[in-house]
Amino acid sequence: MKNKEIANLLYKIAGFLSLKNENPFRIRSYERAAQSIENLSEDIENLIYNKKLLKIPHIGEGIAKKIEEYFSKGKIEYYENLRKEFPEKILDIVSVPGIGFKTAKILYEKLDIKNLNDLELAAKLNRIMEISHLGEKTQQNILRGIEFIRKNRERIFLFTGLALAESIIDELKKKARIKQICPAGSLRRKKETIGDIDIVCASTDLPGVMNAFINLSQCKRILLQGETKSSIITNDNIQVDLRVVKPESYGAALQYFTGSKEHNIKLRNLANEKGYKINEYGLFKIKNNKKVTGKKEEDIYNQLGLKWIPAELRENQGEIEKSKTNSLPKLIEYSRIKGDFHIHSNWSDGKDSIEDIAGKAKQMGLEWIVICDHSQSLKVAHGMKPEEVLNKIKEIKKINKKFKELKILCGAEIDILANGSLDYKKDILEQLDFVLIAIHSGFKQDEATMTNRIISAMRNKYVHMFAHPTGRLLQKREPYMVNMDKIIEEASRIGTFLEINANPQRLDLPDIYCRKAKEKGVLMGIGTDAHALEQMEYLSLGIWVARRGWLESRDVLNTLSYKQLMKILQQKRK
DNA sequence: GCCGTTTTCGGCCCGACTGTTTTCAGTCG
């Protein structure tokens, strides 16, 4: 799958065009096209093959031709020519906070700065401030900026971001008079990783809030500080932006800073068509600049003839159109969750006993849990031998007698071996309540081999669910090569369930595939993959992924009662 | 360069903060 590759190429074209000071709308077109491709769940190569490239939003004749050229000739002449005009690493300079394309171009032309190292050296030698319109402060900011991006190459996991935002919000609430406060940006949209933390706040005492913010215990450095907007870097090198408005503008500000950018642009276009203007203070009539609404987010959407759109859907992926016709999905909510499909115990590599896990589950209000320990081949994780599995089944029967309102199912996370067979034979499989299958070895197989391997494993009649289907580890390991369209197609055909693994590093099945699987009628189940009691709390992360994937309660098996679950698990094997 | 209940060219989101000058361009989200 070369979607990412193509998207990056288009981003680079946009970058070079920016350096050349080209028409900004042409540049935006390349960026939008790149973003569209990043958000595709389908392999772009298939779309080319089926002549459907022009069906992708923001891809017209011009860009489509270039993409086709890339696949037929291995390169794009237009891009190659642009590349020749600039040094290879020049676009890295723009990644330094505070440096945009204009400044990058000046630095290249006047000081022959070609990459980050050149830039750092020039700043240290006081060469930056020689240039008119650039001064000592800019030079210092450049050095700090370089340090920041070197330390901070990676994005933050959603889980980490949520925790940090919560602690900051708690502290602000104690130290300032706050009416309302909420995380915004990608954090509120619950993206799997986030770049920085945005917080929106309503108060009648703007200076008081700002003061509390820049004096937070976690604040290492103040990036910028104004009356309504400030940014800091925390001790963990995470950027936090705070926007403060009066209560009458809170809804508008929250809408504005939740984004995404593409969603907001579309919304404002719609507003313009209807004679309105939206900014962070409210919704205004264009002709007399009179404020119509702004206190509640919902009112802004309603005024434009839309139903309020949950933040997780605001990616300009069709949600505005669906909202117009009142046909948005009724997204799944945490309160509907009755169980967890994937918990490891100390029978394999988990930390805790089944009894302790059950205690925790009861405390969380769950109705059922599935203990899925590793199978024999996964030696590093103390994979269980067949005879151990039989003992575990007996043990779980005993423990089940001690818990009245909780049912424990005995499952296993069984390796799919390199040839597509399973790590246990029929005699074990048929005794397990739940069979979860997964890839833990042979990651390097080519796409066709891997896809066939998984499909043949799925076809085993005892299999219920396929765990962490892409195998990715966020910021660490790319997915293995697999044709996810074919996997989803087959899951739909034979009724295999797909896991939404809720481990913060996995979040796998990714949201775009969840949506696709739902469209094909595939049912999904959330598993925390917990190896310790506290990790059972990851369930909420699974919900966020499901919501971003447009899933409703009926798409997610965790909403079933124990009875309904057992029925569907048994049906699957018939 | 894309898009269209404006089918064929004109429009394309909007405001805060900074640094450097002295009224604003550049950057950012």
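Just so we're on the same page: letters track the sequence lines, and every chain starts at 1. What you see is a predicted model, and the numbers here were worked out from it, not measured in a lab. Computed over heavy atoms, backbone and side chain alike; hydrogens, waters and symmetry mates excluded.
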Using a 4.0 Å heavy-atom cut-off, does [X] contact any base of the nucleic acid, only the sugar-phosphate backbone, or nothing at all?
X: A/K105; value: nothing
X: A/V96; value: sugar-phosphate
X: A/T103; value: sugar-phosphate
X: A/I278; value: sugar-phosphate

Thinking salt bridges, do [X] and [Y] make one under a 4.0 Å N-O criterion?
X: A/K516; Y: A/E42; answer: yes
X: A/R314; Y: A/E297; answer: yes
X: A/R506; Y: A/E192; answer: no
X: A/R28; Y: A/E31; answer: yes

Just by distance, no angles: are the side chains of A/W544 and A/E312 close enough, under 3.5 Å, to form a donor-acceptor pair?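 There is no such pair (donor and acceptor under 3.5 Å, judged by atom type) between the side chains of A/W544 and A/E312.
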Establish, from distance only, whether the side-chain atoms of A/E5 and A/Y70 form a donor-acceptor pair under 3.5 Å. yes
Verify, without hydrogens or angle tests, whether A/S36 (side chain) and A/H58 (backbone) share a donor-acceptor contact under 3.5 angstrom.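 No, because the side chain of A/S36 does not come within donor-acceptor range (under 3.5 Å) of the backbone of A/H58.
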Ring pair (Phe, Tyr, Trp, His ring centres under 6.0 Å) pairs, two or more places apart, involving residues 134-187 of chain A: A/F159-A/Y538
Just to verify, what does A/N483 make a side-chain contact (heavy atoms from CB on, under 4.5 Å) with, not counting sequence neighbours?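 For A/N483, the residues satisfying side-chain contact (heavy atoms from CB on, under 4.5 Å) (neighbours in sequence not counted) are A/E447, A/T451, A/D485, A/K486.
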Applying salt bridge (Lys or Arg N to Asp or Glu O under 4.0 Å), which residue pairs with at least one partner in residues 49-77 of chain A are found, sequence neighbours left out?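 Listed once each, the pairs would be none.
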[atom1] gap between [N] and [M], integer Å:
N: B/dG1; M: B/dT8; atom1: C1'; answer: 15 Å
N: B/dT6; M: B/dC12; atom1: C1'; answer: 14 Å
N: B/dT21; M: B/dG26; atom1: P; answer: 14 Å
N: B/dT23; M: B/dT18; atom1: C1'; answer: 14 Å
N: B/dT20; M: B/dT27; atom1: C1'; answer: 14 Å

Measure from CG on A/L254 to P on B/dG29 and round the result to the nearest Å.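 Taking CG of A/L254 and P of B/dG29, I get 18 Å after rounding.
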Gap between atoms CG and P, on A/N316 and B/dC2 respectively (whole Å):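 Value for this atom pair: 16 Å.
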For nucleotides 16-21 of chain B, tabulate all protein N/O to nucleotide N/O atom pairs closer than 3.5 Å, reporting atom names and distance.
from, atom 1, to, atom 2, distance (Å)
B/dA16, OP1, A/Y281, OH, 2.9
B/dA16, O3', A/T228, OG1, 3.3
B/dC17, OP1, A/E227, N, 3.0
B/dC17, OP1, A/T228, N, 2.9
B/dC17, OP1, A/T228, OG1, 3.3
B/dC17, OP1, A/K229, N, 3.0
B/dT18, OP1, A/Q225, N, 2.6
B/dT18, OP1, A/Q225, O, 2.9
B/dT18, OP2, A/Q225, O, 3.2
B/dG19, OP1, A/N141, ND2, 3.4
B/dG19, O3', A/T138, OG1, 3.0
B/dT20, OP1, A/G135, N, 2.1
B/dT20, OP1, A/G135, O, 3.2
B/dT20, OP1, A/E136, N, 3.4
B/dT20, OP1, A/T138, OG1, 3.0

Check nucleotides 3-10 of chain B for protein N or O atoms closer than 3.5 Å to its own N or O atoms and list the pairs.
from, atom 1, to, atom 2, distance (Å)
B/dC3, OP1, A/H58, N, 2.5

Watson-Crick or G-U wobble mate for B/dT8, both contacts under 3.5 Å: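 None - no nucleotide pairs with B/dT8, as no candidate has both distances under 3.5 Å.
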Can you tell me if A/K261 touches the phosphate of B/dC14, counting only side-chain N or O atoms and a distance under 4.0 Å to OP1 or OP2?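 For B/dC14, neither OP1 nor OP2 has a side-chain N or O of A/K261 closer than 4.0 Å.
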In terms of the angle between their ring planes, are A/F16 and A/Y79 parallel, tilted or perpendicular, with boundaries placed at 30° and 60°?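 Because their plane-to-plane angle lies in the 30° to 60° range, the rings of A/F16 and A/Y79 count as tilted.
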Nearest nucleotide by nearest heavy atom, which residue falls closer to the 5' end of DNA chain B, A/P97 or A/G62? A/G62
With the threshold set at under 4.0 Å for non-hydrogen atoms, list the residues of residues 177-186 of chain A touching DNA chain B in residue-number order. none
Which residue in the set A/K518, A/R547, A/K330 passes salt bridge (charged side-chain N to carboxylate O under 4.0 Å, His left out) when paired with A/E552? A/K518
